[in-house]
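So you know, we letter chains A, B, ... as the sequences are listed, proteins then strands, and number each from 1.
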Amino acid sequence: MADTIESTQTPTFVREITKMSEDFDRWYTDVVRKAELADYSPVRGCMVVRPYGYAIWEHIQRAFDDMIKSSGHENWYFPLLIPESFLAREAEHVEGFTPEVAWVTEAGKHGRLEERLAIRPTSESIIGGTVGRYIQSHRDLPVLLNQWCNVVRWEMRTRLFLRTAEFLWQEGHTFHATAQEAMDEVDLILEYYRRIAEDWLAIPVLVGRKSETEKFAGAVYSKSIEAMMRDGLALQAGTSHYFGQNFSQAYGISFTAHDNRREYCYTTSWGISTRLVGGLVMAHGDDAGLVLPPRVAPVQAVVVPIFRDAEGREHVRRFVETWQDLIRDAGVRLRVDWSEERPGEKFNRWELKGVPLRLEVGPRDVEANQVMLVDRLSRERRPLPVAGLADRLQEELDRFQIRLFERALEFRRRNTYEFATLAELVAHFREGTGFAWAPWCGRDECEARVKEETGGVTTRNFEPDVPAQGTCLVCGRPARWRVAFGRSY
RNA sequence: CGGGCGGUGGCUCAGUCCGGGAGAGCGCCUGGUUUGGGACCAGGAGAUCGGCGGUUCGAAUCCGCCCCGCCCGACCA
C-alpha cells in the first residue's frame, strides 16, 4: 500500500467497508456498492448504476451540457450499431479499436446479417460517415455536435465505473473550416473538462497533451485532464482530440471554401464518461466511505432527528417543518431522515454516502431554536441558529466545496515529485506512487524505456507550449517538454 | 486472454478433503422496550448451495463443461 494515504481519522464508525489502508481496491469496490452507487450485473463487466450513483452522473451531465450549449454545441443522436464498412475506413482508428469491438452478426428470424454491425465503441465513423452529407459549404461550418449515449468496449479487466464493458458518456464531434479553429475547439473543451473536474468535482487535474503512444487511435494529437487518486495512481478523466483531416479524408467530409475550392474539414472529438464517478470516489473518499463535493452531491445536507418517544418525535417534527421548506426553496438539496433507525446508524449511513453536511436536531436544539451542524470532513459539531439557516448552509456548502478541492490539491502536492534522471525515477516508483515530473526529449523510445524499467509507469501529459529545461531523463538529449509520469488506472 | 483463488438466505462466511440433517452471525418482518455515534428481549420469514450435464440408492460435497467475481500479468476512457 502506498504511504501516500493519510491514516484514518479516529474514531472509525464504519464496519462494512475494507479500510483504505488495508486494500485500496477492495475499499473502492466496497464503497461503490455499499454507498449504492452501482452494482454488478449478470453480464461480465457490465454494471447496474443505482439511483444515487446516477444522480451524481446527472449533475455532471447537466453542468457539462450547459457549458457546451453556451458555446453553440447541439445534441444529436446516432445509431448504436455501426456497419463494419464504416468503421473500417480510417485505418489507424480501426486498428486501435477492433480488439475490443462487440459485433452483432445475426438478428432474430432474419438470421445471419450480410454485413456485421459493430456496437459502437465510439462514434467517429458513423458520425463522420453521416454528417458529411450535411456539410457542403463553408457556410455550413462549424458543425458542433454532441451526443449522450452508451458505448461498448470489450475490456479484459473491468472495474465498476473505472473500466466497464459498457459505459455512459458524452462524445462531442466537431467539424471546422480551418485547422486553427479545430485546435481552439480542442482547447475550449479541455477547459470545460478542467472546470467539471476542478470546480464541480473538486478534483485538481493536470491539463496537457498526451504523448504519441498514449494518444487516441487516429488523432493528430490528444489532450487530457489527469487526476490523482488517493492511492497515488493517475486517472485519465477526460480527453479531447484533434484529428486534422484524418477522418474527413477517410469519410469524405468536405466543403466548398470561399475561393470555390473543395477542402476537407478539420475535425475534433472529446469525451467524459461515468468514469468520473469512480474518480470522485477515489479522489475524496476515506475509511468511512464517500465524501461528495456539494455541487454534485445528490443530498447536500441530511437532517437526523433525535428524540425519545412519540411525543418527542412529534415535537422535533413540528420544529423541522417550520424551516425545511425554506432551506429547500433556497436551493439546498435537503433530506430529512425519518426512518426508524437509531441516530447512530443514520450518521454512519449518510457518512458512507458522502453527504457533506449533517444537521442533528434533538430536543435541546428545539428549545434553543438551532440545529447541530456536523460536516463530513471534520466531523466537528457546532450549533447553527435557525434564523438565516438557508444562507448559512449555502455558505457552508460553498466552503466545503473549496475545502475538498484544497485537500485534494494538497494531497497531490505532497505526492508530486521532480526527477532529472531515469535512475531516480525508477528508484522512486519501485515503492512509491504519485506524479513525477521529468524533462523528456519527446521520443517514443525513451518513454518506452521508462515504462519497461518501472514496470508500467507511463507519461500522463505535458504542457506543449512550455519549453523544458535540461536534458531528457533517459537519453540525455536536450529536453523538449517537462512531462508528468505516473502509474495509471 | 494466460496463471492463481473464489461463488452456500439481502450481507459476511462455516460446511466440500472423508457423499446421507442446509447451518451461523449480521440484516429483514412482527410485538415490546429504546433513541445526541451502529441498543436490547421475544417470536418469525427467507436458499434453484453460480449454471448445465455426469457418477451414485443418494451430490453443496466426486467428475466434465460453461458463467460470474477477485488477485497477478499482457491490452484500455
Who pairs with [X] by salt bridge (Lys or Arg N to Asp or Glu O under 4.0 Å), at least two apart in sequence or on another chain?
X: A:R313; answer: none
X: A:E84; answer: A:R116
X: A:R318; answer: A:E314

[N] pairs with which nucleotide, Watson-Crick or G-U wobble, both distances below 3.5 Å?
N: B:C62; result: B:G54
N: B:C40; result: B:G32
N: B:C76; result: none
N: B:C5; result: B:G69
N: B:G21; result: none
N: B:A45; result: none

Would you mind reading off the distance between [X] atom [atom1] and [N] atom [atom2], rounded to a whole angstrom?
X: A:F24; N: B:C70; atom1: CZ; atom2: C1'; result: 17 Å
X: A:E345; N: B:G27; atom1: CD; atom2: P; result: 8 Å
X: A:R163; N: B:C71; atom1: CZ; atom2: C1'; result: 15 Å
X: A:D30; N: B:G10; atom1: CG; atom2: C1'; result: 16 Å

Legend entry - Contacts of type side chain to side chain donor-acceptor pair (under 3.5 Å), residue A:Q300, not counting sequence neighbours: none
Inset, instruction - Would you please indicate if the ring centroids of A:Y266 and A:F175 are separated by under 6.0 Å? - result: no
Inset, instruction - Go through the side-chain N and O atoms of A:D444 and A:T213 and say whether any donor and acceptor fall under 3.5 Å apart. - result: no
Legend entry - Donor on one side chain, acceptor on other, A:H173 and A:S269, under 3.5 Å: no
In terms of the angle between their ring planes, are [X] and [Y] parallel, tilted or perpendicular, with boundaries placed at 30° and 60°?
X: A:F64; Y: A:W148; result: perpendicular
X: A:W481; Y: A:W440; result: tilted
X: A:F319; Y: A:W323; result: perpendicular

Legend entry - Pair of N/O donor and acceptor under 3.5 Å linking B:G37 base with A:R381 side chain: yes
Review item, nucleotides 44-47 of chain B N/O atoms under 3.5 Å of protein N/O:
none

Could you give the side-chain donor-acceptor pairs of residues 93-102 of chain A under 3.5 Å, partners two or more places apart or in another chain?
unit_1, atom_1, unit_2, atom_2, d
A:H93, ND1, A:A217, O, 3.3
A:T98, OG1, A:V94, O, 3.0

Inset, instruction - Take atom C1' in B:U30 and the same atom in B:A22, then report the distance between them in whole Å. - result: 26 Å
Inset, instruction - Could you work out the separation of B:C11 and B:C28 based on their P atoms and round it to a whole Å? - result: 14 Å
Answer yes when [X] and [Y] have at least one side-chain N-carboxylate O distance shorter than 4.0 Å, and no when they do not.
X: A:R349; Y: A:E341; value: yes
X: A:K210; Y: A:E226; value: yes
X: A:R153; Y: A:E155; value: no

Legend entry - Strand-adjacent residues in residues 199-226 of chain A, judged by heavy atoms under 4.0 Å from RNA chain B: none
Inset, instruction - Please list residues of residues 37-46 of chain A whose heavy atoms come under 4.0 Å from any atom in RNA chain B, ordered by number; otherwise none. - result: A:Y40, A:P42, A:R44, A:G45
Protein-nucleic acid N or O pairs under 3.5 Å, nucleotides 30-35 of chain B:
unit_1, atom_1, unit_2, atom_2, d
B:U34, O2, A:R342, NH1, 2.6
B:U35, OP1, A:R308, NH1, 2.4
B:U35, OP2, A:R308, NH1, 3.3
B:U35, O2', A:F307, O, 2.9

Inset, instruction - Write out all pairs satisfying side-chain hydrogen bond (donor to acceptor under 3.5 Å, both in side chains) with one or both partners inside residues 74-83 of chain A, taking only residues at least two apart or from two chains. - result: A:D65-A:N75, A:N75-A:N146, A:Y77-A:R120
Legend entry - Nearest-nucleotide 5' precedence on RNA chain B, A:F167 against A:T29: A:T29
Let me have the donor-acceptor pairs involving side chains of residues 195-208 of chain A, under 3.5 Å, with sequence neighbours excluded, atom names and distances please.
unit_1, atom_1, unit_2, atom_2, d
A:R195, NE, A:E191, OE2, 3.0
A:E198, OE1, A:R194, NH1, 2.6
A:E198, OE2, A:V205, N, 3.0

Please write out each protein N/O paired with an N/O of nucleotides 72-74 of chain B under 3.5 Å, distance rounded to 0.1 Å.
unit_1, atom_1, unit_2, atom_2, d
B:C72, OP2, A:R157, NH2, 3.1

